[in-house]
Amino acid sequence: MSGAERNSQGTEGAGDETPPFRYTARIAGEIERNWQRRWEELGSYHAANPVGPLSGEDAAAEKLFVQDMFPYPSGAGLHVGHPLGFIGTDVYARYHRMLGRNVLHTMGFDAFGLPAEQYAMQTGTHPRTTTENNIERYLTQIRRLGLGHDERRRVATTDIEFYKWTQWIFLQIFHAWYDTEADQGRGRARPISELEAEFAAGKRSTPDGTPWEELDREQQRRIVDSYRLAYLSEAPVNWCPGLGTVVANEEVTAEGLSERGDFPVFRRNLKQWMMRITAYADRLVDDLDRLEWPDKVKTMQRNWIGRSQGAEVYFGLDDRAERIEVFTTRPDTLFGATYMVLAPEHPLADEILSAPERFGSWPEGTDQRWTGGYSGPAAAVAEYRRAAETKSELDRQENKDKTGVFTGMHAVNPVNGERVPVFVADYVLLSYGTGAIMAVPGQDQRDWEFAEKFGLPIVRTVQPPADFEGGAYTGDGPAINSSSGATGLSLDGLDVDEAKKKITSWLEEHGHGKGSVQYKLRDWLFARQRYWGEPFPVVYDEDGIPLGMPEDQLPVELPEVAEYSPRTYDPDDADSRPEPPLSKAEQWAEVELDLGDGLKHYQRDTNVMPQWAGSCWYQLRYIDPENHERFVDAENERYWMGPRPDRHGANDPGGLDLYVGGVEHAVLHLLYARFWQKVLYDLGHVSAEEPYRRLYNQGYIQAYAFTDSRGVYVPAEEVVEQDGRYFHAGEEVSREYGKMGKSLKNSVSPEEMADSYGVDTLRLYEMSMGPLDSSRPWATKDVIGSHRFLQRLWRNVVDERTGQPRVTDAEPDEDLLRALHKTIDSVRSDYDSLQFNTAVAKLIELNNRVTKEYSGSVGPPRSVMEPMVLLVAPLTPHLAEELWSRLGNEESLVHGPFPVADEDYLVEDTLEYPIQFNGKVRSRMTVPASAEQDELRATALADSRIQELLDGSEPRKVVVVPGRLVNVVG
RNA sequence: GCCCCCGUAGCCCAAUGGGCAGAGGCAGACGACUUAAAAUCGUCGUAGUGUCGGUUCGAGUCCGACCGGGGGCACCA
């Protein structure tokens, strides 16, 4: 499309007769540039802190902290979908700023990450250069939107001053441990020095009981290190050869691929940094109840943490000292446990492999189905394990057929002394619970399937309903077949909950088990073998013991390297090993330091932190971006984020007031950030227990895309619709609905819209097209409607020929006053609840009314137009400022005033009631608003139409709803 | 397979704790302005709320089943 044609969709193409002061795209653009410059000169969006370099008197006011999810400054440029949430938060922030609140709203950049690194690999451009260029470009785009950000508070995670504090926080976590006994068993992070002191004082015994002072320094360190909240662990991690790095569980899709790049991920034992997020599992679940978050996100976090209550049960083994420990959520079904299953990697399976003499052949009478065709348990288990290891996650998912082999061992069910066979099967996972289960086919569908296949006994221990058909019964019911003469225990007749309680205490009493809680949540794998991330502030001594850098040596800056990429491999090469880029900076990696016992040689950690690190705490840095002494000043933190029981109830955990972003961060960023916040809280560095008190997920702007017969995308803006079919250049094309993007040829940029209509029109349209939290299709052709409204509003204030105000000092009539105050009232409540679409509708409605009444030579009353200008100001700030100033006001309206509805105009003197007859509206009546039930009833029954319908008979019933209607039932 | 959310006019969307189905915008028709067109302004439809059943004086709203769309989880014992 040519430039001229493109313009014709806007108002720029208006002919010579266009009145000189009409609100066109050209005038809108001038106004927007002007006011953006004025705001900058005035520092209109500067929020005052109580103390420090950004302190100011405004901090005496009630605060509001509004935040958008940290954007990644991609080089691709924004489309109109990106700023939806940014505009939403801006409208909310502006509204509250006008109400007199001290509003903190800014935006920084989550700027570490792969794209800049990959671009560096291709072009040799330093990732910092790319990142900084992208940030500048991004800023140019969002600044044009007129967002009221405090520019002084912009941060980027890649700023050295910023990541110095990210490293500092890492050290706090590294130098801390979780005391599960603290705070009445809720647990709390404490400094690691306090743990060492407990060991040294003998208050806490070492794992094997050796007195502390008898251990050498290295042994002591190994023990202490095993308690740290950030720790090194040699454990199975997600190794992604295609990316050349390990990734967190949260970054692996259900198909076993990396979320970024879709490369296969393999479980490999590698030494890696972990964060002990599991220590916080209970608090992370429980505190969800204290948050004003969408239920959907809370549910996703609950599912991810996956807390389940149950019991550990110990099964003795035939002729052996060991026992098998299992975790079950259904200890009440113990009498139905007819076999057991170990995960293929279970330690007990190792013993079978290491004792082929004992497990060389099958016990007499072993069922053929149990052998897998092998000569004995040792061979069968070895082969089964090997097969399980090579199976990818995807294979395991696709094939849910139960497989397994018998181990040759029998265990003893503690409740009745019966011998049950022990199997190895891959439907049991080593990583969950104890890696072993008691199998209860009667009450578990998976066990049922296995039992059927292997010919194992099935015992129902819960009575299913009479009409129950099918396999395992997992519902409630009375316990059956659940007693034993041998042990004297009986659960028969108890319902599931009662039976659970009884059996759990019986197990504890007899030493056969105990109540237990399990979680799906695993510790957070925190290291990446990449370049463009925060280096770990850690060095290793000659014993390989990790030591935190002293605070005064922070930041540990990223070194220059020749190669920005880690070594990557064939995506399927599971046996490859990570080689971080920083390990190639040998000069940097080897370092002489004095860490207290003289100048010594150390080796730096060559991993970098995952991209999530910066976004775990950036809200704290927004508060105090210029503080060089501390990551955030305590008083400033308390002001902006501290708990406010007076406003939010006694249980308020604190946190910022409104956090808006997409739902895709439900478990990653939002879980990690909560975790860091809680550690910082425990260690006394912050006053808020939660980072984000209120969360709101904005929807997405989507778009139609069109493909021709070859399946190639054609420019969406050139497609025409005819009778429900779509054509491009005369050829029929097919329509699909989804994302907006350059490659789909359906991308619309904010700049195009701003050029055609002005930014205020774009902002207004985005806010009016639907509720902020729902997704909807973009429709460029609809934007004109928002623009027309602004033109009419402008015309009601400004004479299009002279540019002079049209308003008069005449008093509006009472009807108009009522309409105005009703609008004020409902727009305020819509703004409060983020219902911007209905606020816009009400403003248009009122403006249409004014337009109708005052379209002639007499302009509308100033006392109506001034409040209207103030009401739209959060949505269209540039236009509103311009009109406000043309109305003769010298002060900017950024800090108010904001109209207040006069209650007197909200109550009506008379009301029109519908009168229903048998539920259908048949007539109407107008009565005084004060009319009581009896009067309403009498007036309704006296209505001629109702009389007619009743036709002389008595109504069977009359329903009177004051303020609503009257329903006569005949 | 299980769980959650959503289906209102040609399209995007409104509609208090059940209480008059329509606030607003787009598109459309007609009209004003214009030599004409664009732009602008004015006037005006259209659906009975995905389907079936239930509760109720009264259901878009509550309950059940089903259909369609979106999302989450998926051997987690």
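Order of the sequence lines fixes the chain letters, A, B, ..., with proteins taken first and strands second; residue numbering starts at 1 for each chain.
- Geometrically, A:R735 engages A:Y704 in a cation-pi contact defined by less than 6.0 Å to the ring centre and at most 45° from the axis.
- Closest to the A:R795 side chain, of the nucleotides B:G19, B:C13, B:C41, is B:C41.
- Residue-to-nucleotide contacts include no donor-acceptor pair under 3.5 Å from the side chain of A:R964 to the base of B:C20.
- Aromatic ring centres of A:Y765 and A:W778 lie closer together than 6.0 Å.
- In this structure, B:U35 forms no base pair with any nucleotide, since neither Watson-Crick nor G-U wobble geometry is met with both distances under 3.5 Å.
- Put simply, A:N303 has no side-chain N or O that comes within less than 4.0 Å of OP1 or OP2 on B:C3.
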Check nucleotides 27-35 of chain B for protein N or O atoms closer than 3.5 Å to its own N or O atoms and list the pairs.
none

Listing time: all N or O pairs from protein to nucleotides 57-61 of chain B that are below 3.5 Å?
from, atom 1, to, atom 2, distance (Å)
B:C57, O2', A:N967, ND2, 3.4
B:C57, O2, A:N967, ND2, 2.4

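- Panel note: side chain A:K514, backbone A:E312; no donor-acceptor pair is recorded below 3.5 Å.
- Judged purely by atom type and a 3.5 angstrom limit, A:N238 has no side-chain atom pairing as donor or acceptor with the backbone of A:V265.
- For A:D523 (side chain) and A:I277 (main-chain N/O), a donor-acceptor pair under 3.5 Å exists by modelled atom type.
- Atom-to-atom, CG of A:D830 to C1' of B:A15 comes out at 12 Å; the value is rounded to the nearest Å.
- Centroid-to-centroid, the aromatic rings of A:H787 and A:Y757 come within less than 6.0 Å.
- Comparing B:G64 with B:A27, their P atoms are spaced 42 Å from each other, to the whole Å.
- The main-chain N or O of A:L334 is found under 3.5 Å from a side-chain atom of A:N413 such that the two form a donor-acceptor pair.
- Base pairing analysis places B:C62 opposite B:G54; the two distances defining the Watson-Crick or G-U wobble pair are each below 3.5 Å.
- Between A:S308 and the phosphate of B:A77, there is a side-chain N or O to OP1/OP2 separation shorter than 4.0 Å.
- B:A77 atom C1' lies 12 Å from atom NZ of A:K402, rounded to whole Å.
- Look at B:C2: its Watson-Crick or wobble partner, with both distances under 3.5 angstrom, is B:G72.
- For A:R792, the side-chain atoms get nearest to B:C41 when compared with the rest of B:C12, B:A77, B:C41.
- Side chain of A:R763 to main chain of A:P874: a donor-acceptor pair is present (N/O by atom type, distance under 3.5 Å, no hydrogens or angles).
- Ion pairing between a basic and an acidic side chain is recognised when a charged N comes within 4.0 Å of a carboxylate O; A:R307 and A:D282 show such pairing.
- Of the possible donor and acceptor atoms, one in the side chain of A:R806 sits under 3.5 Å from a partner among the backbone N and O of A:Y854.
- If you check residues 842-859 of chain A against RNA chain B, the residues with a heavy atom closer than 4.0 Å are A:I844, A:E845, A:N848, A:T851, A:K852, listed by number.
- Whole-Å rounding puts the A:Y765 OH to B:C11 C1' distance at 10 Å.
- Taking the six-membered ring for Trp and the full ring otherwise, A:F423 and A:F450 have centroids separated by under 6.0 Å.
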